[in-house]
Amino acid sequence: MNSMVECIGETSSAQSSKNRLVSHLPHLGNLVLPSVWSAKDKTNHPIPTACGLYYFEITVISKGRDGFMGVGISSQSISLNRLPGWDRVSVGYHGDDGHSFVSSGTGQPYGPTFTTNDVIGCGINFLERTCFFTKNGINLGVACSDIDLEKAIYPTIGLQTPGEIIEANFGQEDFVFDIDQVICEITKKLNQQIEAIHRPFEMQSTLNQLVSSYLVCHGHAEAANAFAQATGQSLGEEATSISNRQLIQKYVLSGNISHAIFTTKKLYPGLLEKNPSLLFQLKCRQFVEIISGVDSLQEPEEIDGLLPEARCVEPMHTDDEDEVIDHAMTNGVEEVNLKDPLEQIITAGRELRLLYEDIKTSSDNNSENEQLMHDVFSLVAYSDPKSSRVSHHFLQERREIVYNALNGAILDACGLQRTPPIHILLSHVSECLDQMTSNGLGARSFVQLDQIVK
């Protein structure tokens with residue numbers, strides 16, 4: 001009669017301590033086989049090929065009577081009565097003779113024997129389809145090449161005689177072997193392969209164009225000019241246009257929405273009438289800024305730093321839009337006591353509500369607009385709105401969202417690209433990496449997009 005023990009650990013996704021390349025399992029504890037029959041223990045879940053590099057270690061707590069132990073990998077179809085390496089699609093490193101076994105009962109000289117207190121590691125390089133073992137932190141070299149990855153692979157530990165005890169480490173503790181060094185070597189090799197790829201275009205010029213378009217799109221006028229002069233790149237937009245968009249950016253990101261609306265109307269007449277949902281976003285933002293004490297309904301007569309610029313949008317004043325313009329663009333300032341904060345909040349709320357009623361039948365974002373209006377109106381119900389459940393509207397990122405929408409509309413109106421090519425490129429790369437993960441391609445684990453961008 002045979003005794004078979006199946007370990008309770010389950011593989012999980014790789015963790016940050018090993019750059020997500022070394023998978024972790026819950027602690028398996030000591031595996032004790034008091035019987036005289038052989039047994040093999042393997043995890044319940046296979047190794048994810050997308051991890052790129054998989055590694056685990058065992059510590060021999062006791063070699064037992066004879067030390068007939070094996071460590072390695074195997075497919076699900078192997079016999080649990082035999083040590084790893086003896087069956088097809090199985091690789092093992094055995095402690096009694098130090099031999100490696102690859103889908104065969106006949107071993108090959110590989111490394112030293114191992115016994116009590118030794119730490120034995122097993123690693124799989126899914127890029128090169130190789131398996132290697134370590135002893136007490138020393139890499140013993142490749143034990144098997146051309147691993148069959150068509151079948152699921154499991155970490156496997158075989159114990160054969162009484163009293164054999166091991167403790168498994170799947171990453172819950174630091175490894176004795178420096179697996180990070182292997183990761184660095186694989187990453188370096190991949191980077192060299194990428195660099196060796198022939199590119200049918202001049203790389204530096206393309207990179208310069210990507211950087212220049214990014215600076216222009218986001219309104220970094222001085223930086224864009226300096227970069228253009230240093231690289232000989234054309235800006236693709238007049239410097240005054242960039243500076244004026246930068247001025248609008250300054251107003252929105254500082255919470256001065258009244259100035260931002262005034263400047264937009266002056267430079268791009270008709271833009272907000274063509275984009276009622278955008279105007280609604282700006283008015284909601286203005287309402288929040290009035291509550292926070294940053295903004296008011298008072299529009300300036302002139303704007304400091306405003307540069308002359310040709311209009312990108314023709315003025316639009318149709319009968320259907322007169323009411324929107326009257327209520328939304330003038331703010332009803334003539335009827336408001338601008339020195340009374342409460343009166344400003346009430347008036348801004350009325351104007352926002354009228355604007356919503358005017359656009360709700362024609363807007364594709366009606367439900368979103370209604371929720372946004374509900375959120376900003378609810379701020380007045382709290383004695384301390386910045387500690388309320390809708391306090392996120394006071395975050396700087398909410399201003400950034402509004403500015404990005406406004407900046408994109410301006411660029412569209414001027415016939416310019418609203419999304420920098422570098423953003424599109426990174427989105428494509430990110431999607432490619434996701435597809436690599438979905439298809440179990442191990443190289444994905446060695447490419448960290450955020451690190452490349454940095």
Side-chain angles (χ1 to χ4, degrees), residues 2-9 11 18 22-43 47 54-74 78-87 90-102 104-124 131-144 154-179 181-182:
N2 291 334
S3 169
M4 292 183 292
V5 178
E6 184 158 339
C7 69
I8 61 174
T11 56
K18 297 293 178 256
V22 183
S23 294
H24 289 199
L25 294 180
H27 192 279
L28 300 181
N30 294 338
L31 302 179
V32 184
L33 294 178
S35 68
V36 297
W37 299 288
S38 66
K40 183 181 293 181
D41 300 273
K42 64 181 180 60
T43 57
I47 301 170
Y54 188 95
Y55 182 77
F56 70 97
E57 289 181 343
I58 68 161
T59 299
V60 181
I61 305 301
S62 173
K63 73 178 185 64
R65 189 184 69 188
D66 300 317
F68 291 161
M69 298 175 290
V71 181
I73 57 174
S74 64
I78 51 89
S79 170
L80 292 179
N81 294 324
R82 293 158 60 81
L83 291 179
W86 287 349
D87 295 295
S90 178
V91 181
Y93 170 36
H94 295 185
D96 59 311
D97 56 13
H99 286 185
S100 65
F101 294 77
V102 181
S104 172
T106 302
Q108 300 294 326
Y110 174 69
T113 61
F114 56 86
T115 185
T116 302
N117 295 326
D118 284 330
V119 178
I120 306 302
C122 175
I124 305 177
C131 178
F132 66 92
F133 295 94
T134 66
K135 178 182 177 181
N136 298 328
I138 304 300
N139 193 335
L140 302 179
V142 174
C144 174
Y154 296 78
T156 309
I157 303 165
L159 309 175
Q160 199 171 39
T161 59
E164 294 172 350
I165 307 173
I166 66 97
E167 184 177 81
N169 177 14
F170 288 87
Q172 69 272 16
E173 297 177 0
D174 290 339
F175 293 126
V176 173
F177 175 66
D178 185 7
I179 192 64
Q181 180 181 355
V182 179

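When reading the values below, keep in mind they use all heavy atoms of this one structure, side chains included, and skip hydrogens, waters and symmetry mates. As the structure is a computational prediction, the values presented were derived from the model and not from experiment.
Annotation: the span from Ile73 atom CD1 to Ile124 atom CD1 amounts to 3.5 Å, rounded to 0.5 Å. We find the CG-OG1 distance between Asp178 and Thr134 to be 11.0 Å, quoted to the nearest 0.5 Å. Rounded to the nearest 0.5 Å, atoms OG1 (Thr161) and CE (Met69) are 7.5 Å apart. Distance check: Ile179 CD1 to Asn139 CG gives 8.5 Å after rounding to the nearest 0.5 Å.
Each of Phe56, Phe175, Tyr55 was checked for a ring-ring contact (aromatic ring centres under 6.0 Å, His included) with Phe170, and the lone residue meeting it is Phe56.
Ser90 places a side-chain N or O within 3.5 Å of a backbone atom of Gly85 that can act as its donor or acceptor partner. For Glu57 (side chain) and Phe177 (main-chain N/O), a donor-acceptor pair under 3.5 Å exists by modelled atom type. Looking only at distances, no side-chain donor or acceptor of His99 sits under 3.5 Å from a matching main-chain atom of Gly92. Between the Asp66 side chain and the Phe68 main chain, no donor and acceptor come within less than 3.5 Å of each other. Distance alone, capped at 3.5 Å, places no donor-acceptor pair between the Tyr93 side chain and the Gly111 backbone. Checking side-chain atoms of Ser62 against main-chain N and O of Gly64 turns up a donor-acceptor pair under 3.5 Å. Between the side chain of Thr156 and the backbone N or O of Tyr154, at least one donor-acceptor pair lies under 3.5 Å.
No side-chain heavy atom of Trp86 sits under 4.5 Å from any side-chain heavy atom of Ser79. Taking 4.5 Å as the limit, every side-chain heavy atom of Ser100 sits out of range of all side-chain heavy atoms of Val91.
Closest approach of Phe133 to Gly72, counting heavy atoms only: CE2-CA, 3.9 Å. Closest of all the heavy-atom pairs between Ala168 and Ile157 is CB-CD1, 4.4 Å.
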Distance-only check: which donor-acceptor pairs under 3.5 Å involve side-chain atoms of residues 112-121, not counting sequence neighbours?
residue	atom	partner	partner atom	Å
Thr116	OG1	Lys63	N	3.0
Asp118	OD1	Asn136	ND2	3.1
Asp118	OD2	Thr115	N	2.8

